[in-house]
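Here is the structure we will look at, set down as C-alpha cells.
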Amino acid sequence: MITEQDITGTWLLVARGNDDPADEKVSLERYGDDPQGMVIISPDGWMNASLCHGSRPPLTGNPAWHTDAPDADRLAAYDTYISYGGQWRLEDDTFITNVAFALNPGWVGGEQKRGVELLPDGGMRLLLSREWPDGTVVNAWVQWRRA
C-alpha cells in the first residue's frame with residue numbers, strides 16, 4: 001500500500017500518455033513531445049500541479065500582462081497549459097484532490113482522482129480514467145520523478 005510519505009514532495013514531469021490513439025494525437029498537439037510540469041504534494045495536505053507544452057511561444061508583443069495579448073494567443077496559451085490545486089488525501093492507492101483553484105473553473109469545488117503507482121526507479125505514475133461525452137473511456141497516465 002502507498003503511504004503519504006511515499007508521495008509527498010516535489011515531482012517533475014518525465015512523460016505522459018494514454019491508451020487512445022486519437023486522444024494521444026490531440027494531447028501531443030496540446031503538450032508537445034517534450035511537455036514540462038511539476039506537482040508539489042505537501043505533507044500538510046495541500047497540492048499544486050501544472051503541466052504545459054514544452055515550447056510554448058511567447059505572447060505576441062510580449063505584453064506585461066496576458067490579458068493584453070491578442071485573443072488567439074491567449075486561447076493558444078490556455079489550450080497548452082493545465083493547472084489545479086487544493087487539499088489532498090490518499091485513499092488506498094487513489095490520490096484525491098478537493099480542487100480549490102484551477103485553470104478550468106469547472107473543476108473548482110469538485111474532486112480530481114488519480115490512481116498512484118510507485119515505480120522501481122523511485123518515480124511515480126498518476127493514472128486517470130475519463131469518460132468523454134460519447135461514452136468513450138480513455139486511460140491516461142503522467143509519470144513523475146522527484147525534483
Side-chain angles (χ1 to χ4, degrees), residues 1-59 62 64-67 69 73-147:
M1 177 173 283
I2 295 171
T3 68
E4 292 180 0
Q5 292 76 25
D6 291 329
I7 63 171
T8 55
T10 301
W11 300 83
L12 300 175
L13 181 66
V14 173
R16 49 144 317 279
N18 65 59
D19 65 359
D20 181 301
D23 192 58
E24 183 62 25
K25 181 179 182 289
V26 169
S27 293
L28 187 60
E29 291 168 0
R30 181 163 288 151
Y31 300 113
D33 59 6
D34 185 29
Q36 302 296 307
M38 178 186 325
V39 61
I40 300 170
I41 303 171
S42 71
D44 65 356
W46 286 88
M47 66 79 65
N48 189 31
S50 297
L51 189 140
C52 68
H53 193 289
S55 56
R56 296 167 77 208
L59 301 173
N62 198 23
W65 193 246
H66 66 280
T67 56
D73 283 16
R74 287 187 288 133
L75 179 60
Y78 183 92
D79 280 352
T80 58
Y81 189 87
I82 188 168
S83 179
Y84 71 97
Q87 292 185 296
W88 68 272
R89 67 186 186 280
L90 193 59
E91 292 181 5
D92 297 318
D93 293 342
T94 302
F95 180 78
I96 303 166
T97 303
N98 293 315
V99 180
F101 51 90
L103 180 65
N104 179 345
W107 287 12
V108 175
E111 290 186 336
Q112 289 293 311
K113 296 181 179 184
R114 308 286 187 264
V116 181
E117 292 179 350
L118 297 178
L119 304 174
D121 66 0
M124 172 177 68
R125 185 174 289 154
L126 296 177
L127 311 163
L128 167 67
S129 288
R130 63 181 174 225
E131 184 174 345
W132 294 119
D134 67 1
T136 302
V137 175
V138 175
N139 298 297
W141 55 269
V142 183
Q143 187 169 326
W144 306 93
R145 68 171 172 81
R146 288 196 180 273

For the student: nearest non-hydrogen atoms of [X] and [Y], plus distance:
X: T97; Y: G85; value: CG2-C, 4.2 Å
X: Q5; Y: T8; value: O-OG1, 3.7 Å
X: N98; Y: E111; value: OD1-OE2, 3.1 Å
X: V39; Y: A49; value: CG2-CB, 3.9 Å
X: C52; Y: Y81; value: CB-CD1, 3.4 Å
X: P105; Y: L103; value: CD-O, 3.1 Å

For [Y], is there any backbone N or O sitting under 3.5 Å from a side-chain donor or acceptor partner on [X]?
X: Q112; Y: G110; answer: no
X: W88; Y: S42; answer: yes
X: D19; Y: N139; answer: yes
X: R74; Y: A69; answer: yes

Looking at [atom1] of [X] and [atom2] of [Y], how far apart are the two atoms once the value is rounded to the nearest 0.5 Å?
X: M38; Y: L51; atom1: CE; atom2: CG; result: 11.5 Å
X: Q36; Y: L12; atom1: CD; atom2: CG; result: 9.0 Å
X: R125; Y: L118; atom1: CZ; atom2: CG; result: 11.5 Å
X: R56; Y: D79; atom1: CZ; atom2: CG; result: 10.0 Å
X: Q87; Y: D44; atom1: CD; atom2: CG; result: 8.5 Å
X: W141; Y: N18; atom1: CH2; atom2: CG; result: 9.0 Å

Sub-4.5 Å side-chain heavy-atom contact between [X] and [Y]:
X: I82; Y: Y31; answer: yes
X: M124; Y: I41; answer: yes
X: K113; Y: F95; answer: no
X: L13; Y: W144; answer: yes
X: D93; Y: M1; answer: yes
X: F101; Y: N48; answer: yes
X: N104; Y: Y84; answer: no

### Task
Mark yes when over 12 heavy atoms from residues, nucleotides or ligands other than D92 sit less than 6.0 Å from its CG; otherwise mark no.
no
